[in-house]
Number of protein chains: 2
Amino acid sequence: MARASYRTIGRLTHYWRVLRDLEAKGQTHAYSHLLAAKARVTAAQVRRDIMVLGYSGTPARGYEVRGLIECIESYVFPASEQRVAIAGVGNIGLALLKFFTGRRPNLRIVSSFEANPEKFDRLIYGCRCHSIDRAGEVIRQEGVSVGIIAVPDGEAQYVADTFVDAGIRGILNFARTPLRVPAGVYVENIDLAMSMDRVAFFARRSLKKEHAASPAKAPSANKESNS
Amino acid sequence: MARASYRTIGRLTHYWRVLRDLEAKGQTHAYSHLLAAKARVTAAQVRRDIMVLGYSGTPARGYEVRGLIECIESYVFPASEQRVAIAGVGNIGLALLKFFTGRRPNLRIVSSFEANPEKFDRLIYGCRCHSIDRAGEVIRQEGVSVGIIAVPDGEAQYVADTFVDAGIRGILNFARTPLRVPAGVYVENIDLAMSMDRVAFFARRSLKKEHAASPAKAPSANKESNS
DNA sequence: TGCACATTGTGATTACCTTCACGAAGCCTG
DNA sequence: CAGGCTTCGTGAAGGTAATCACAATGTGCA
Ligand SMILES: NC(=O)c1ccc[n+]([C@@H]2O[C@H](COP(=O)([O-])OP(=O)(O)OC[C@H]3O[C@@H](n4cnc5c(N)ncnc54)[C@H](O)[C@@H]3O)[C@@H](O)[C@H]2O)c1
Ligand SMILES: NC(=O)c1ccc[n+]([C@@H]2O[C@H](COP(=O)([O-])OP(=O)(O)OC[C@H]3O[C@@H](n4cnc5c(N)ncnc54)[C@H](O)[C@@H]3O)[C@@H](O)[C@H]2O)c1
């Protein structure tokens, strides 16, 4: 039972979504082939990924949908509420706040931080906005473990330092600055401008293969961000 | 002179930004070590990436900043204006429109498409909004080669088909649906929810190493994304 | 001029991830 | 209950990308 890699974790969340759809349609069992087709990967890849969960299907019946869903949940999703804070309520910050609000029971954006005093103390999509100067204090108080950085590039390192000092262990960084953080803190970078440039490049090149990002795909979903 | 990979292209755009900063500061030459430090990669990686450009530095002087900038530009950036269209002017669509407007001379978002009639014909950040039904027509007329998909998940495949039929060769996809496109069309997926889940996971795991994303990076970016 | 040094360019190596391929195992059919 | 199919789990193989390591090279200095 190998350790799950960055990409495996991403795919597992994808299988989870696919499985939820299948369950909603009344399916009780699913073959690796089916999951593979829906997640656009190979069947072998699906089986390998599921291997790290320690979950087993049966030949002739495949995987049990409900059981696999629960297994993925207990492996990749937080068991109890994990709290998130966001710095920078601008274009991207707002989009994320709006999108994530109320969507995940165990992953909640509880606070936002701004430099612009006009936004202080307002409730934005149910999330209180504080001065960035109070970030450390609030993060500790609320028990936040994940931070999103959506501030201008030049402010990103400062915010990251504040986050790390306050005990945050994972950062989703939209700024185009590679952050310097101590070992043990996970950073996932999403550089939208880089993705645009890449798409433009490969559109000209007219490649045969699709890629990940997302990140990473990586290239897709992000195929790929980086760090 | 090997073919540039997905990740190499991403890093080259990053070096380009770093080099522009150096030039602005009056630096005329730069060593691979310096670029590496600023882009948070290894020096060997920088040299490998530059190798695909066919550009050469000199020992003892390193790379010539201006020359390398021009070389990267001619390799990864469009020589003449490349046009982009965006489907879905919601949270993400708006953020992108606002951010990219007027930022890149040779990469311009020229049109947007919506299903919501309230937005038709309005000018949003200098970009005309059309009905999605007219997408094929407008894309062909304007010579658009890159499409951004920022519509709800269920609409993504339909929009992708429309894009592809109209001749678009590269797609930046924010929907959480793996798109089915013919070979030769490049897709980069950015799944923000997946990135969030990953950050939350690795924050709990408290890993020692930072990762790319992604697209993926990618990942990252973006990390990694996928396809 | 010639030597000592730092850096480049790149073959070789390593690490990681994906795919292949096949033994084992459950299910259905007759 | 046995035989045939199909699928799972996984060791081995294959690919791709990152890193290492070193010969080649140009520089500045003595
Ligand atoms: N929007 C996009 O499409 C896009 C694309 C590529 C990259 N990015 C990157 O994403 C980041 C955010 O982009 P955006 O478009 O949302 O920017 P934005 O300017 O709309 O928002 C930034 C927000 O951060 C706030 N802020 C500034 N300094 C701060 C600080 N020290 N602490 C807390 N808040 C602070 C500002 O008041 C503002 O509201 C930038 O780094 C940008 O380069 C954005
Ligand atoms: N906003 C986020 O933070 C976030 C996070 C994760 C994933 N996503 C994904 O990104 C995509 C867009 O998200 P969003 O938050 O911007 O959504 P949104 O609902 O804010 O915007 C979607 C827009 O698309 C328009 N639309 C609907 N059908 C259309 C069609 N057929 N053609 C053209 N336009 C159409 C709608 O009118 C709306 O304006 C979704 O697939 C979502 O799953 C968004």
Side-chain angles (χ1 to χ4, degrees), chain A residues 1-12 15 28-37 39-65 67-68 71 207-213 215-219 223-224 226-227, chain B residues 1-12 15 28-37 39-65 67-68 71 207 209-221 223-224 226-227:
Chain A
M1 196 157 107
R3 205 172 183 68
S5 73
Y6 164 79
R7 281 161 122 132
T8 294
I9 293 298
R11 284 189 300 263
L12 284 172
Y15 304 151
T28 61
H29 294 267
Y31 296 126
S32 59
H33 299 81
L34 179 68
L35 298 180
R40 236 37 125 254
V41 294
T42 65
Q45 182 76 79
V46 171
R47 296 200 295 273
R48 268 268 180 257
D49 290 334
I50 289 176
M51 223 169 76
V52 311
L53 300 175
Y55 185 86
S56 278
T58 61
R61 196 108 33 160
Y63 301 99
E64 205 212 322
V65 171
L68 187 49
C71 190
L207 278 200
K208 280 118 269 162
K209 286 282 301 173
E210 306 100 90
H211 283 75
K217 139 258 30 14
K223 261 98 336 134
E224 288 292 309
N226 47 45
S227 155
Chain B
M1 197 160 105
R3 204 173 185 69
S5 74
Y6 163 79
R7 282 160 123 135
T8 294
I9 293 299
R11 284 189 301 264
L12 284 172
Y15 304 150
T28 61
H29 294 266
Y31 296 126
S32 59
H33 299 81
L34 179 69
L35 298 180
R40 239 28 131 260
V41 294
T42 66
Q45 183 77 79
V46 170
R47 296 200 295 274
R48 267 267 184 265
D49 289 335
I50 288 176
M51 223 169 75
V52 312
L53 299 175
Y55 185 86
S56 279
T58 62
R61 196 100 44 152
Y63 301 100
E64 205 212 322
V65 172
L68 187 48
C71 191
L207 278 200
K209 288 282 300 173
E210 307 100 89
H211 283 75
S214 69
K217 111 65 103 241
S220 231
K223 208 145 235 144
E224 279 34 42
N226 46 46
S227 153

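In what follows, every heavy atom counts, from backbone to side chain, and hydrogens, waters and symmetry copies are set aside. Protein chains get the first letters and strands the later ones, always in sequence-line order, with residue 1 at the start of each.
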TODO: Would you tell me if any nitrogen or oxygen in the side chain of A:Arg47 comes within less than 4.0 Å of OP1 or OP2 on D:dC8?
DONE: yes

- [ ] Find the distance B:Leu68:CG to C:dT8:C1' and express it as a whole number of Å.
- [x] 13 Å

TODO: Go through D:dG9, D:dT25, C:dT19 for me and flag the one nearest to the A:Tyr63 side chain.
DONE: D:dG9

Open item on the list: If I take atom CE in residue A:Met51 and atom C1' in nucleotide C:dC20, what distance separates them, rounded to the nearest angstrom?
Closed with: 14 Å

Open item on the list: Judged by each residue's nearest nucleotide on DNA chain C, which is more toward the 5′ side, A:Val41 or B:Gly57?
Closed with: B:Gly57

- [ ] For D:dG9, take OP1 and OP2 only and decide whether either is under 4.0 Å from a side-chain N or O of A:Tyr31.
- [x] no

Task: Nearest atoms (heavy-atom pairs only) where B:Arg47 meets B:Tyr63 - done: CG-OH, 3.5 Å

Task: Note, B:Val41 side chain near B:Asp49 side chain (heavy atom, < 4.5 Å) - done: no

Open item on the list: From CD1 of B:Ile50 over to P of D:dT19, roughly how many Å is that when rounded to an integer?
Closed with: 15 Å

TODO: Could you check how far CZ of B:Arg61 sits from P of C:dG9, rounded to whole Å?
DONE: 14 Å

Open item on the list: Counting the atoms with a prime plus P, OP1 and OP2 as sugar-phosphate, which does B:Arg48 contact under 4.0 Å by heavy atoms, base, sugar-phosphate, or nothing?
Closed with: base

Task: Sugar-phosphate only, base, or nothing, as touched by A:Ser32 at under 4.0 Å among non-hydrogen atoms - done: sugar-phosphate

Open item on the list: For a quick test of reading the model: is some side-chain N or O of B:Thr8 closer than 4.0 Å to OP1 or OP2 of D:dA17?
Closed with: no

TODO: Would you please confirm or rule out a distance under 4.0 Å between OP1 or OP2 of C:dT19 and any side-chain N or O of A:Gln45?
DONE: yes

TODO: For A:Ile9 and C:dC17, give me the distance from atom CD1 to atom P, rounded to whole Å.
DONE: 12 Å

Open item on the list: Rounding to an integer number of Å, can you tell me how far B:His33 NE2 sits from C:dG9 C1'?
Closed with: 13 Å

Open item on the list: In this structure, how many angstroms lie between the P atom of C:dA15 and the CZ atom of A:Arg7, rounded?
Closed with: 19 Å

Open item on the list: Check whether A:Tyr31 reaches the backbone of A:Pro59 with its side chain - one donor and one acceptor, N or O, closer than 3.5 Å.
Closed with: no

TODO: Look at B:Arg11 and D:dA18 and indicate whether a side-chain polar atom (N or O) is within less than 4.0 Å of OP1 or OP2.
DONE: yes

- [ ] Please check the phosphate of D:dT19 (OP1 and OP2 only) for any side-chain N or O of B:Thr42 closer than 4.0 Å.
- [x] yes

- [ ] Determine the sole option in A:Val46, A:Leu68, A:Leu53 for which the side chain to side chain contact (heavy atoms under 4.5 Å, CB included) test with A:Leu12 is passed.
- [x] A:Leu53

TODO: Find the distance B:Asp49:CG to C:dT10:P and express it as a whole number of Å.
DONE: 14 Å

Open item on the list: Using 0.5 Å steps for rounding, measure from the CZ atom of A:Arg7 to the CD atom of A:Gln45.
Closed with: 9.0 Å

